[in-house]
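I have placed the structure first, in the form of structure tokens, so that the comments after it can refer back to it.
Order of the sequence lines fixes the chain letters, A, B, ..., with proteins taken first and strands second; residue numbering starts at 1 for each chain.
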Amino acid sequence: MQKSDFYRGTIHSLASSTIMNLTLKIWRQRNRDDAGKFATYQISNVSPDMSFLEMLDVLNVDLIKKGDEPVAFDHDCREGICGSCGLMVDGRAHGPGRGVATCQVHMRSFRDGDVVVIEPWRAGPFPVIKDLIVDRTSFDRIMQAGGYVSVKTGGAPDGNAIPISKHVSDEAFDAAACIGCGACVAACPNSSAMLFVAAKISHLALLPQGGPERKARALRMVEQMDKEGFGNCSNNYACEAECPKEISVAHIARLNREFLKAKLT
Amino acid sequence: MKLDAKIPDGPIQQKWSNHRFHLKLVNPANKRRYTILVVGTGLAGASASATLGELGYNVLAFSYHESPRRAHSIAAQGGINAPKNYSNDGDSVWRLFHDTVKGGDYRAREGNVYRLAEVSGSIIDQCVAQGVPFARDYAGYLDNRSFGGAQVARTFYARGQTGQQLLLGAYSALVRQMDAGTVKFFDRREMLDLVIIDGQARGIVARNMINGIMESYVADAVVLATGGYSNAFFLSTNAKASNATAIWRAHKKGALFGNPCFTQIHPTCIPESGHYQSKLTLMSESLRNDGRIWVSKKKGDKRPPGEIPESDRDYYLERLYPAFGNLVPRDVASRRAKEMCDQGYGVGSTGQAVHLDFSDSIKRLGRSVIQERYGNLFDMYKQITAEDPYQTPMRIYPAVHYTMGGLWVDYDLMSTIPGLYVIGEANFSDHGANRLGASALMQGLADGYFILPYTIGDYLASTKFRPVKNDHREFKKAETETERMVKKLVSINGKKTVDEFHRELGKIMWDHVGMARSRAGLKKALKLIPELKSRFWKEVKVTGTDLDLNVELEKAGRVADYFELGELMALDALHREESCGGHFREEHQTAEGEAKRNDARFSYVAAWEYRGPKKSAVLRREPLKFEYAKPSQRSYK
Ligand SMILES: Cc1cc2nc3c(=O)[nH]c(=O)nc-3n(C[C@H](O)[C@H](O)[C@H](O)COP(=O)(O)OP(=O)(O)OC[C@H]3O[C@@H](n4cnc5c(N)ncnc54)[C@H](O)[C@@H]3O)c2cc1C
Ligand code: SF4
Ligand code: FES
């Protein structure tokens, strides 16, 4: 491989021009029922400009050519918005860096010779389907339990009929930015989904549109969260630290208030 | 076959309301007896499933994603149009209609476009009511911006994440219906075939992507909302899994394919950095409001941009288009960038990029203003390239972004197969030869919330359905055929990976069926693609089995379809001896190098009919009439 192949278009970033060789320890699991185990792979010629997922693509080409099955992982947009990707990298949900999804991590965050450990999200309500792919449909079931405003198509008043202060709307947006990736659950020692649930509760509780149903929504979504087997929040805040959208734990406080108010009345 | 677009008679302003009055209604008590399959739950499919569920139909929705919220629609950044005229700058339904027909270079249907403009206001109302946090001004009212060179501010936006917020809104409406039991969602299912019985679309065969089992689903009507096919080029701004399989297989079952060669190439994407590149990232074209595009006047200039003095810089868009400068439409900006690079003026070590420079704006407005406007885009650029656009100009290059072509549909959004509807980017309908910025989200949601739910009722109410179960021989036949295809793919056991073939196809498409097309190039593509396709069927290597979660197998099936679709795209581009919108034929340009339409010969929709693997597709024409928006030559000088 010619070195120049790797550097097409990057004349300004000579600092990142060292090719790396890495050892990867990757969780392999055939299916839901398989016990699973780590497999070790060597990968060479890793460019710092590659994204983390592109590095896995390159590994997979090697595996396929050897007749092995490639490592299965979820991904789609590769720009941090669809919430599909989600890997534990060296024990951190979404790997190194703050405010990024796994697909936004670049190999320049690693050094030549590093051993990189790659695992799926580990949480009871996220069973592994294969290798690094987990089943997060528990999140959809929580959303189904009231994570919406009950407005029928066609029944809406003019968009400008309800002015909403910019400040409130911006705060609601911060919560609505959740991509449903599940990193908060994976990072939490209790596998709590509080940050995910709080983001939706907060988004809708802040806006007048969400007002009429806020009590039922808080009660039902929390009930479903418990039913799915997610743990309790013990104010560990690992969720906020690993959330790719940096959703604030302040929303958990709002969820708690919403829930209590709903319980008391 | 006669193509009847079924555009209602009467003045354009009354077509849709008259038509709605004439559409037959299904008795409310009977709606739950009708089953509708919706394949795809992006903006178009989620909004349609939710609305059909609300109406009381029995809806089964399918997606290859684990959740509707992961669809490609989630990645749309810039915004959604609606002529609310909140900005009081003279906007109207009429103006949006005109802009869209003109922007599409007079290759779209007037009737459809007018309806789109007409219903778009309701989309905004609907989304606001769902809790979509659109941008607001300090008085608390909805904010608008001007987008993609529009002369009025009609674009509603939610930071740089409009698609995300709209999709989450449609998803919330969808989960509400799942909660109510009217919609059942099937995750990780990939539709691999359409089943037709007695000439009617009656169901699908979908592969359960976890265990590989082929499953058959019966219905009274089928809706495809499966998105666009930009990934035929391998590198595009689309999500990695976006694909054409559903529409292509329906095409092979008889649905005509409209204007397959109409693709849109977006000028402001982050260039390729290496051979491992897996996709391209779009940066909002709002960047062109304050960034200046330039290359060095010297060919192959390897000096860092900071060392190239003003006198050696060619701000070529400002030079060629003094009136519009850096804000010329997408297709013009893209083509000029490619031309500069082809002539050897490209920047960066690949020479496949041009500079987008903010230093003048930073000097004029201050860093903080630029940061406020584009901070997140600058961060994204830095994260991907490790370069700081506050210090050094960005490098940008065009990338394939959107496909205007798709399955042909009539005014009711029904394909040429009775009972098969196609909505969103998957159909060919409203954008002609070029789509305006912020109009895809509008079209997907218009189709799903406000058009299909009415028109499909008319079909159901006026059609007789024979009772059918999923053990009908047509279902069994489709299951057997799809199984045979997947088994074949895992058994070839050649030497090259699916991605290697896909990249090779992408290169042929980009070189010959991309931004500038020529007769010779297209003929070459028509020779190269079938050759590559036959090598694929002999040499591809897919490991693992078909009865398992097998990502390589999923990709292989999609790439197999891209070969065939790619060929049709080239054929369509070759037959269209004119330049229009995103379709630029080198033989057909003005002395200044601008696109030259040929209205006398090509004012029609090209709809292609599949005739079997060994036969060439047959062209059917739907003539276009312009009664309200009179064709003129675009000029941005
Ligand atoms: C980076 C980017 C930015 C954009 N920004 C804008 C913008 O600012 N404004 C704008 O108007 N437009 C924008 N667009 C265009 C717009 O996002 C898309 O055209 C639109 O979202 C398409 O929506 P859709 O519902 O038709 O399809 P998609 O969102 O692509 O959804 C397709 C659905 O079909 C499913 N599917 C597909 N095939 C199958 C199958 N065989 N079996 C089962 N399920 C299947 C998928 O799982 C998915 O649910 C942008 C596009 C890109 C790439
Ligand atoms: S709260 Fe953050 S970490 Fe949790 S699902 Fe949402 S985006 Fe992911
Ligand atoms: S792949 Fe979409 S968020 Fe990472």
Side-chain angles (χ1 to χ4, degrees), chain A residues 5-13 16 47 49-50 53-54 57-58 61 64 67-70 72 75-79 81-84 104 108 129-130 136-137 140 143-145 147-153 156-160 163-166 169 172-173 176-177 180 203-204 207 209-210, chain B residues 51 54 66-67 69-70 74-75 86 124-126 128-131 133 136-142 158-159 161 164-165 168 172-173 175-176 178-179 187 210 239-241 271-276 278-279 281 304 348-350 352-353 383 385-387 392 395 449 497 541 543-544 549 551-552:
Chain A
D5 276 350
F6 286 114
Y7 295 109
R8 296 169 56 199
T10 53
I11 49 164
H12 316 299
S13 55
S16 61
S47 154
D49 289 327
M50 277 181 184
L53 299 187
E54 284 169 344
D57 293 342
V58 171
V61 172
I64 296 165
D68 292 339
E69 272 201 62
H75 66 97
D76 201 17
C77 72
R78 297 200 175 195
E79 33 189 85
I81 194 74
C82 73
S84 300
Q104 295 170 292
R108 58 182 86 91
I129 298 176
K130 184 169 185 173
R136 284 170 289 196
T137 49
D140 294 291
M143 293 294 276
Q144 208 175 308
Y148 50 77
V149 173
S150 298
V151 55
K152 263 195 162 176
T153 304
D158 185 82
N160 257 349
I164 301 169
S165 108
K166 182 169 173 9
S169 168
F173 196 113
H203 160 212
L204 294 178
L207 297 174
Q209 297 93 308
Chain B
T51 308
E54 286 166 13
E66 66 168 341
S67 164
R69 66 183 299 156
R70 312 259 184 252
I74 204 96
Y86 286 164
I124 303 303
D125 303 339
Q126 188 62 32
V128 169
Q130 289 166 346
R136 289 179 182 266
D137 62 21
Y138 284 98
Y141 292 103
L142 294 164
R159 295 190 188 154
Q161 285 144 258
Q164 181 199 25
Q165 295 306 318
L168 292 181
S172 75
V175 291
R176 174 168 169 258
M178 287 159 65
D179 200 19
D187 67 313
I210 296 180
K240 286 292 289 173
E272 223 179 309
S273 76
H275 62 91
Y276 48 77
S278 59
K279 73 163 292 216
T281 303
S349 58
T350 58
Q352 294 296 306
Q383 191 184 52
T385 63
E387 294 168 17
T392 185
R395 286 169 297 107
Y449 284 133
T497 66
K541 187 178 185 87
T543 53
L549 190 155
V551 180
E552 286 300 303

Residue pair [X] / [Y]: nearest heavy atoms and the distance that separates them:
X        : Y        : value
B:Leu142 : A:Asn160 : N-OD1, 3.0 Å
B:Lys541 : A:Ile64  : CE-O, 3.0 Å
B:Ala139 : A:Pro163 : O-CB, 4.1 Å
B:Gly131 : A:Gln209 : CA-NE2, 4.0 Å
A:Ala177 : B:Gln161 : CB-NE2, 4.0 Å

Rounded to the nearest 0.5 Å, what separation is found between the [atom1] atom of [X] and the [atom2] atom of [Y]?
X        : Y        : atom1 : atom2 : value
A:Phe173 : B:Arg136 : CZ    : CZ    : 12.5 Å
B:Ile210 : A:Lys130 : CD1   : NZ    : 11.5 Å
B:Thr385 : A:Arg108 : OG1   : CZ    : 7.0 Å
B:Lys240 : A:Cys82  : NZ    : SG    : 12.5 Å

Can you tell me which portion of [X] sits under 4.5 Å from chain B's heavy atoms? Options are side chain, backbone, both or neither.
X        : answer
A:Val58  : side chain
A:Lys152 : both
A:Glu79  : side chain
A:Asp57  : side chain
A:Leu204 : side chain
A:Leu207 : side chain

If you count heavy-atom pairs under 4.5 Å with chain B, which of [options] comes out on top?
options                              : value
A:Val151, A:Ile164, A:Val61          : A:Ile164
A:Ala176, A:Ser169, A:Ala172         : A:Ala176
A:Asp68, A:Ile129, A:Asp76           : A:Asp76
A:Gly180, A:Ala145, A:Ala72, A:Pro70 : A:Gly180
A:Pro157, A:Ser150, A:Ala156         : A:Ser150
A:Ser165, A:Gly67, A:Gly210          : A:Gly67

Does the side chain of [Y] come within less than 4.5 Å of [X]'s, by heavy atoms?
X        : Y        : value
B:Arg70  : A:Arg136 : yes
A:Met143 : B:Ser172 : no
B:Tyr86  : A:Asp158 : yes
A:His203 : B:Pro133 : yes

So, does [X] use its side chain to make a donor-acceptor pair with the main chain of [Y] at under 3.5 Å?
X        : Y        : value
A:Asp140 : B:Ser67  : no
B:Lys279 : A:Cys77  : yes
A:Gln104 : B:Gln383 : no
B:Glu66  : A:Thr137 : no

- Task: Tell me, out of B:Ile124, B:Leu168, B:Asp187, B:Asp137, who's got the most heavy-atom pairs with chain A below 4.5 Å.
- Result: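 Highest number of pairs under 4.5 Å: B:Asp137.
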With a 4.5 angstrom heavy-atom cut-off, which part of [X] approaches chain A: side chain, backbone, both or neither?
X        : value
B:Gln126 : both
B:Gln164 : side chain
B:Ala241 : both

- Sole residue of B:Thr543, B:Val551, B:Leu549 in side chain to side chain contact (heavy atoms under 4.5 Å, CB included) with A:Glu69: B:Thr543
